[in-house]
2 protein chains.
Amino acid sequence: MAQITIKDVAGRAGVSPATVSRVLNHGPTVAEELRERVLAAVRELGYRPSSQARFLRTRATTLLGLIISDITNPFFTSMVRGAEDAASKAGYSVMLANTDEDLEKEQRYIEVAAAENMAGVILSPASATRTSISLLAERGIPVVTVDRRLQTAKVDRVGVNNVKAAQDAVLRLVDQGCRRIGFIAGPTEVTTAVDRLAGYRHGLRAAGLAYRRELVVRGDYRIEGGRAAAADLLRLKPRPDALFVSNNLMALGAATALREYGLRYPEDITLAVFDDMRWALGLSDAMTLISQPTYEMGRLAVELLLRRVSGEGFPPRHVVLSAVLV
Amino acid sequence: MAQITIKDVAGRAGVSPATVSRVLNHGPTVAEELRERVLAAVRELGYRPSSQARFLRTRATTLLGLIISDITNPFFTSMVRGAEDAASKAGYSVMLANTDEDLEKEQRYIEVAAAENMAGVILSPASATRTSISLLAERGIPVVTVDRRLQTAKVDRVGVNNVKAAQDAVLRLVDQGCRRIGFIAGPTEVTTAVDRLAGYRHGLRAAGLAYRRELVVRGDYRIEGGRAAAADLLRLKPRPDALFVSNNLMALGAATALREYGLRYPEDITLAVFDDMRWALGLSDAMTLISQPTYEMGRLAVELLLRRVSGEGFPPRHVVLSAVLV
DNA sequence: GTCCGCCTGGAAATCGATTTCCCCCGAGTC
DNA sequence: GACTCGGGGGAAATCGATTTCCAGGCGGAC
C-alpha cells in the first residue's frame, strides 16, 4: 500500500540511499558485497523507483507520446505496432492517445505530453495549419510527424510519396480501360488528402484525360463519409467506370454503397483504394491497392525521434517511403 | 527551452511561491490584487506546473491507464471513446496501451502504470489466470477489468452477459431452421471465450440439439484465425448450415473463407456474429448480430474506477450489461 | 615510518511543487 | 488605548530520487 522508497531499501541493506542509487544506476564503484545486499533488499521489498522523483533530478523520462488521429483506422494501428517495437527495443514505452481528428482533443493531449514531460512525441496532426505544437517546442520536447505534415513547424517527418502513388494508381486504372474515374478525396485540412488529390490530377493529365469537377467528391476519411461520397458519385449519369478512394475507411463505406446500388466489383465498376484493406474488402486480386509500409513508418518515426531525444542536432529530416501498387 | 518554475512566476508577480500555489489550487484566502498579479504572470510566462513535482507532494495524478488487448479491434476502440469521454468530463486524461494479447507486453505496461503512479487502470486482461495486477494492488492503484474477467483478483468489473447472449443467438439460429451450427470459439485463456462457448452449449441443449465436438473449432480472436477456423468447418461433410463466430475480427476472416469456398450468406449458409460489424460485412439484415454496448462499457468502467480513485470503499462490483440480438 | 593519493560510501543539496507553521498587521472590543 | 482575534502571506519543510562534495581508510612509494 504505502510507497516503498529508496530509504527503506537503504535501511534494510544497511547502507545509505546514495549507495542504493549507485547500485541501481551507474554501478561500478560499489563493493561487490554491498551491491549484493542492496540488490537483495530491492528484491525482497519489491522496490521500484518513483519515476516522478527520478525525473525531478534527471530531467529524463522514458515515455514517448504517440498522438494519432483515429485509432479505429488499421493504418494507424499497424503503425503503432512498429513504433512500439522500436521503442521497447530502446527501453522506451509508448503511450497512445486518440484525437478523433478533433483539434481540441489533440491540444489536450499535447498538453498532457508537455505536463508529463514525455521524452518525445509522434504526431499525426489533425490539421496542417491549425495544430499547434508550440507547447512541446517550448519545453524542448522533440516531435516527429507521421503520415501527415505540419505547415509551419520545422520538424522531422515520416511519410509516403502520396502524389506519385495516387498518380500511378490513376495510370493503372487508365491502363485497365477506365476513362471516367471518380475520386473520393479527404478533408482539406490534411496534407495527405491534398497530395492524393494532386496525384489524381497529375495522373489524369499524364493520361491525357480531362479533370472533371463533378467526379471529385470530398469525404472525411471515415466510413460514413466514404459511403455518402460514393453514393454521390454513383448517382452521376453517366456513371463513373472506376472509383478511386483515397483512404481505407472510406473504402469500406464505398463498398457498402456499391452493394446498396447493386453493383459488384470488379464486374460492374473498377476500384482503386489507398491502403491495404484486403482483409475487409475481399476480392483483392481484382483491385488496385496502394499499400503503405505502415509498420515501417512507425519504426522509423521512433528511431528518428530517439535520435533527437538523445540530443543529436541536424536539420529537419523528411523520410519519404514508397507506397506501392499491388 | 528551460523549464519555467513556480519561482519564476513568484518572482515576476513579486510574491512567494506559496502564494502562487495558493492562487492556482485552492484560492480563496488570497487578496484580489495579488491574485490578479499572479494570474497575469502565469499567462505571460506560459507557466505550467510540472506534474511530477506536484505528484511528489500530493500523491495525486489525473492520468488513467487503459490497457487493452488489441487496438485493431473496433470493439475496443469504441470502448476507448466511451472511456475518454467520461474521463475528460471528470478532468482526467486517458493513456492507451496495446498488449496484442501478449502477456509480456501487458506486464510491461502494468509496470509503466505503476511507475507513473497512474490514478487508476482499466484492463482487459490477456489471460484470466496468468495476468498479474499485484504491482498495481501494492501501490493501491485501483483496477477495473472490462470485457474480460480475472480469475483471482477481487476487482471491479464491467462486462456483458456473454453466456445468455450466445445462447439466445443459437436459439435464434435454430428458429431459422438451422440444425448443424458450427461454432468458432476464442482462446481458452480469455473468459469471454469460455462464456460464449458455454452459451453455445446451453443453447443447443435448450433447443434439444446434440453438442458435436467436430462443430466447434478454436480461433484466436483474430482475422487469420477466424479464416482458418471457418475453412476447417466448411470442409466438414455434411457442411454446417450455420456459422456462429464468437468475435468480430474472426468474423471478417470467416467471411473471407466463405468467399474462398464460393459460399454466399445468407443464401448458402446462415451467419451469426458476436459484435456489430455491419460496416465491414454488409448484408446485415440477413444476419444475427450480437451487439455489445461498447461505448457504454467504457463509460461505466471509468465511472466505477473514478469512484475507487476518490477513495470510496465498497465490495468489488460487477456491472453486467446486456448484449442484444439484432 | 610517513605522506600522498585514490577509492569507497555517507551527508547533504537539489529538482519543483505543496503545505505547514508562524509572524505580522489590522480591526474590533472592553 | 491596549489587548485579542483572525486573516493573509512568507519561510521552510517535505515528497523520493540523484548527485555533488567530502571524509575516512587503505595501499603504495619514497
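Since we're looking at a predicted model, the values are computed, not measured. Naming: A, B, ... by sequence-line order, numbering from 1 per chain.
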Over how many whole Å does the gap from B:I6 atom CD1 to D:dA12 atom P extend?
17 Å

Which nucleotide in the set D:dT19, D:dA17, C:dA17 lies at the smallest distance from any side-chain heavy atom of A:T58?
D:dT19

Whole-Å distance, B:I4 CD1 to C:dG16 P, equals 12 Å

Distance, rounded to the nearest Å, where A:N25 contributes CG and D:dT19 contributes P:
7 Å

Would you please say whether a donor-acceptor pair under 3.5 Å links the side chains of B:Y109 and A:E84?
yes

A:L56 side chain, from C-beta outward: closest of C:dT18, D:dA17, C:dG16:
C:dG16

Cation over ring face, B:R299 and B:Y295, 6.0 Å, 45°:
no

Ranking C:dT19, D:dT20, C:dG16 by distance to the side chain of A:R22, first place goes to D:dT20

Will you find, in the side chains of A:S127 and A:E189, an N or O donor that is under 3.5 Å from an N or O acceptor?
yes

Check this for me: does the side-chain of B:R48 come within 3.5 Å of the base of C:dG16 through a donor and an acceptor?
no

Go through the N and O atoms of the side chain of A:R57 and the base of C:dT14, and report whether any donor-acceptor pair is under 3.5 Å.
yes

How many Å lie between CD on B:Q52 and C1' on D:dT18, as a whole number?
15 Å

Between A:T61 and A:E116: side-chain donor-acceptor atoms closer than 3.5 Å:
no

Side chain of B:S50 - closest among C:dG16, D:dG10, C:dT18:
C:dG16

Would you indicate what A:S21 reaches in the nucleic acid, counting non-hydrogen atoms under 4.0 angstrom: base, sugar-phosphate, or nothing?
base

Taken to the nearest whole Å, CZ/B:R59 to P/D:dC15 is 10 Å

Could you state the CZ-C1' distance from B:R37 to D:dG9, rounded to the nearest angstrom?
12 Å

